Amino acid sequence: METIYSIRPLVAILIASVASLLIMATRNRPNLRETWSVLGALATCLTVVSMTPWILAGKYVEITPFVILPGISMKFRVDALGILFGTIASFLWILVSFYNIGYMRSLNEHAQTRYYFCFAVAIVGAVGVAFSGNLFTLYLFYELITIFTYPLVAHHQDEESYEGARKYMVYLTGTAKGFFLPAIILTYILAGTLDFAPSGVVQGIFPADANPTLVTVTYILYLAGFAKAAIMPFHNWLPSAMVAPTPVSALLHAVAVVKAGVFCVSRVMLSVFGLEVLDRLFLGIPTAYAAGFTIVLASVIALTKDDLKARLAYSTVSQLSYVIIGVSLLTPTAVTGGLLHIANHAFSKITLFMCAGAIYVALHTKKISEMGGIGRVMPFTLAAFGIASLSMIGVPLVCGFVSKWYMIRGAMEGHHTVFLLVFLASTILNTGYFIPILTKAFFEPPGAALEHLHHGSGHTAGRLHEAPIAMVVPLVLTAIASVIMGIYPDYFLNIVKAVFR
Amino acid sequence: MDFLIPNQLNYPVLSTLIFLPLVGALIIFFIRNETGAKVWTLAVSTVTFLLSLPLYIYFDPSTHKYQFGEHAPWIPLFKVNYTLGVDGISLLLVLLSTLLIPICVLCSWRYIGKRVREFHFCLLLMETACVGVFSALDFVLFYIFWEAMLVPMYLLIAVWGGPDKVYASIKFFIYTMVGGVFLLVAMIALFLKTGTFSIPELMTHSYSLSFQIWIFLAMAFPFAIKVPMAPFHTWLPAAHVEAPTAGSVLLASVLLKMGTYGFVRFCLPITPEASLYFAPLMLWISIISIVYGGYVALGQTDMKRLIAYSSVAHMGFVTLGTFVFNKNGIEGAILQMINHGVTTGALFLCVGIIYERSHSRQIMDNAGIGKIMPAYVGFLGFFSLSSMAFPGTNSFVGELLVLIGAFSGALFYGVLTIPGVILAAAYMLRLLQKIAWGGKGNPTFVDLNLREWVYLIPLAIFVLWIGLAPTPFLEVMHASVDHLIAQVQAAKAVALIP
């Protein structure tokens, strides 16, 4: 394996950091401020993508800016897994930047500079997590995300948002400090280093004679420490975080933050423990059971939610565990499916959240029960919602199908009937909580939201009433992307396959 | 004298650092106007700081011996010598002390309204005593500086303190004085046993375990008061709350370090077997300090009190690292002393800044200023993150080293500290949340002025520097810490032989 020493990983992170500072510096000129946000997103994404050819050629990109202690350093090391998450986070940041502008200006939100600043720093954190070369760097950026998303969750600064944000903080910081940090220390004591395994995903960093009990304890601490992955019982922060403005829920609580969680779990399983150790200590299947339990239970809870964002939140909890189940089945096919689901779920779920935000901006409703007939006035938004729902369910031609295909194949190869049933049950449950929204929106008579619209603003039936164009275009684009990725999954599939090279 | 490397610089650096502030302090009384006295103190302390930098530049990290040594007979009758020198353990503490005095002068520029000359006299006297404590290699000399520090600190609290200053200063004085008496007893007992006051020579003698246990207790008691370790900590919140900003900064950043420095300099090498004997007790007390300090901090409504209790918790990490007897633990402990000095000092400065505007230290009186003083809240947030050991800041490196030391040396004790780590995040974030957003905020407050930027920036630089590239700070202590561990290990080997 060839390693390229390049500053590009650092450049990507620095661009996003500089963008956040420029946002702060131009706080009195909103147009310029939003320009920095968009430009920063574009530049970061281009820098990330520019490293992809190296990765596909089987190389690593590495840079070590600081050495803290022997075996502990600030180190960036880009591999296939990292580029996968980095690309998704930085690419979707571009689209959400536009969406942000539409959302924040339509609703005349307060403290917009703080909002854009924290948003940018959260992306710095996500890209940093993606490119981390060791657990120390991973921990740094993981915590960075937590701290800087707090002001975003508490953005409205009322009782409800403080309550949600406090729960958010308690769950994420508490588990990170209470479990993740001891796990790092134990890893250092057992392995003498915090660097990720240099060669592939089979061999971990633990020496062969490491105490198996301690290794197992460390593993459990890691799983509990990554509360961002929202494995039950550490999932409760995610629905609470839905008090945040919708673009935050879209990019952060469907993509950057939660994907940072499942990314960390995958990273630790693949690059710290390695498939071989996980297999030897029988750690994979219990993890898969925990994830399977989360999938089914979260889907059942989602059925009961009338608040659209809450339903999407529980759907997210359930879909995140797909990634974990895929990785913890430990066969190459299943792992491929799990990792691919990071990308596929990101594009589809961000579409769903952006639709929820667009509906809120256009019709000021969050309740599904009030959404009768809205498909007729917001056809683009609801069409995008429909496509993304199909992807969640796993219908062919939309991207969710591809990752589920790999995972089901993986489960069958390993003769894991239980997980086949989990996938099946989840598909039915997904259908159960997504399709009623669509039938309501397209086939039912106008509900409370539309009644209100007709009375309130003299809107006549039959005319379109979409959210601002800056919001509709991004969500249509991500919906189209979901379809393209369903038909031509090669781009992300090739990256994921490079993980095993 | 083979433990001492004579000073190679063309001026007696340690004596200069001790006596320059003293001379400067005496001259203050000849300056008529008060601004002149401030400028003079700032100049003297800045020059002292600049003169202390060669200590780091010319320090030889490859040896454990005491460097920049100065030796002169003082009271030959009792074999008391004037011996100075620094090694990897004390070097950074000396530099921390000299760095903080100019900052203290700057932060008191407007805060002190009465008896300005006397205030600055006390500050410079403190500098003399602090540098003296950390560089003295003779027990009598050490004891003199140790006690000398008491007077200016007492005055800082008792004269320039808050409404309850008399109570706080007396409490501080009594606690420290009582501790000091035990130190005196230990010193005399050691002299009678060995006939020397030289600290490095005392380390080379071997004593019976029962003698060591008594000596350890007599020395550990004053040090534990100074650290402070629960249950001897009650003087600290009182003193901090009443002290002026500069007093709090010095108290937290330098004075508390004398206790932990004492453990590392005296208890471990002079009474190694007793240290091993008492290690479980010390670890338990450390853990209690960490968790109890953090828990109590969580319930405070007064900003200074909150930070004072967080000090108890942070210093618990230092003693924890000291008594696990491995390299990571002790280096982490020493680094954590510096970190605590930088971070907690900066937090007290932040409290002082807001107190100058609102004349209240209550969290709720200062709440909700996020949009009114964004730069201030930025600094407060930054130092709060450092205080809760956010990765990438100084405290994280120190805490990580201590925890690695604790987990590898005594896994069970290490695990017990984790609640303290979580509590640290809880109380700091609670403070930050309330200050930034917790209320309406007083719109008449003005954001940081240039002077305040000037004294916060250096500390912020150190937070990031130690957090991201701690090698320059750690490499100076390797040799000394290795030597210290060898001394303790030798005792362990002896202790194992029946």
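Computed from a predicted model, the values in this text were never measured in an experiment. Atom set for the values below is all heavy atoms of this structure, side chains included, hydrogens, waters and symmetry mates excluded. Chain letters run A, B, ... following the sequence lines, proteins first and then strands; every chain starts at 1.
Options Ile418(B), Leu423(B), Leu429(B) differ in how many heavy-atom pairs under 4.5 Å they form with chain A, and the most are formed by Ile418(B). Each of Pro470(B), Pro391(B), Ala469(B), Gly392(B) has some count of heavy-atom pairs under 4.5 Å with chain A, and the biggest count is that of Pro391(B). The choice from Leu468(B), Leu385(B), Thr417(B) that makes the most heavy-atom pairs within less than 4.5 Å of chain A is Leu468(B).
Proximity to chain B among residues 152-167 of chain A is limited to Ala154(A), Gln157(A), Tyr162(A), judged by heavy-atom separations below 4.5 angstrom. Contacts between residues 117-136 of chain A and chain B, counted as heavy-atom pairs separated by less than 4.5 Å, involve Phe136(A). Contacts of residues 140-150 of chain A with chain B at a heavy-atom distance below 4.5 Å involve Leu140(A), Glu143(A), Leu144(A), Ile147(A), Tyr150(A), listed in sequence order.
Both the backbone and the side chain of Pro151(A) come within less than 4.5 Å of a heavy atom in chain B. Contact annotation for Ile189(A): only side-chain heavy atoms (C-beta onward) come within less than 4.5 Å of a heavy atom of chain B. In this structure, the portions of Tyr139(A) lying under 4.5 Å from any heavy atom of chain B include both its backbone and its side chain.
Put simply, the side chain of Thr471(B) gets close to the backbone of Val67(A): a donor and an acceptor are under 3.5 Å apart.
Between Arg430(B) and Met169(A) the shortest side-chain heavy-atom distance does not fall below 4.5 Å.
By the 6.0 Å contact criterion, CD1 on Ile7(A) is open, its count of non-hydrogen atoms from other residues, nucleotides or ligands being 12 or less. Within a 6.0 Å radius of CH2 in Trp437(B), other residues, nucleotides and ligands contribute more than 12 heavy atoms.
Closest approach of Lys177(A) and Ala389(B) over heavy atoms only: NZ-O, 3.4 Å.
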I'd like a table of donor-acceptor pairs (distance under 3.5 Å, sequence neighbours excluded) in which one partner is a side-chain atom from residues 394-411 of chain B, with atom names and distances.
| from | atom 1 | to | atom 2 | distance (Å) |
| --- | --- | --- | --- | --- |
| Asn394(B) | OD1 | Thr343(B) | OG1 | 3.4 |
| Asn394(B) | OD1 | Ser386(B) | OG | 2.7 |
| Asn394(B) | ND2 | Thr343(B) | OG1 | 3.1 |
| Ser395(B) | OG | Ser386(B) | O | 2.8 |
| Ser408(B) | OG | Ile404(B) | O | 2.7 |
| Ser408(B) | OG | Gly405(B) | O | 3.3 |

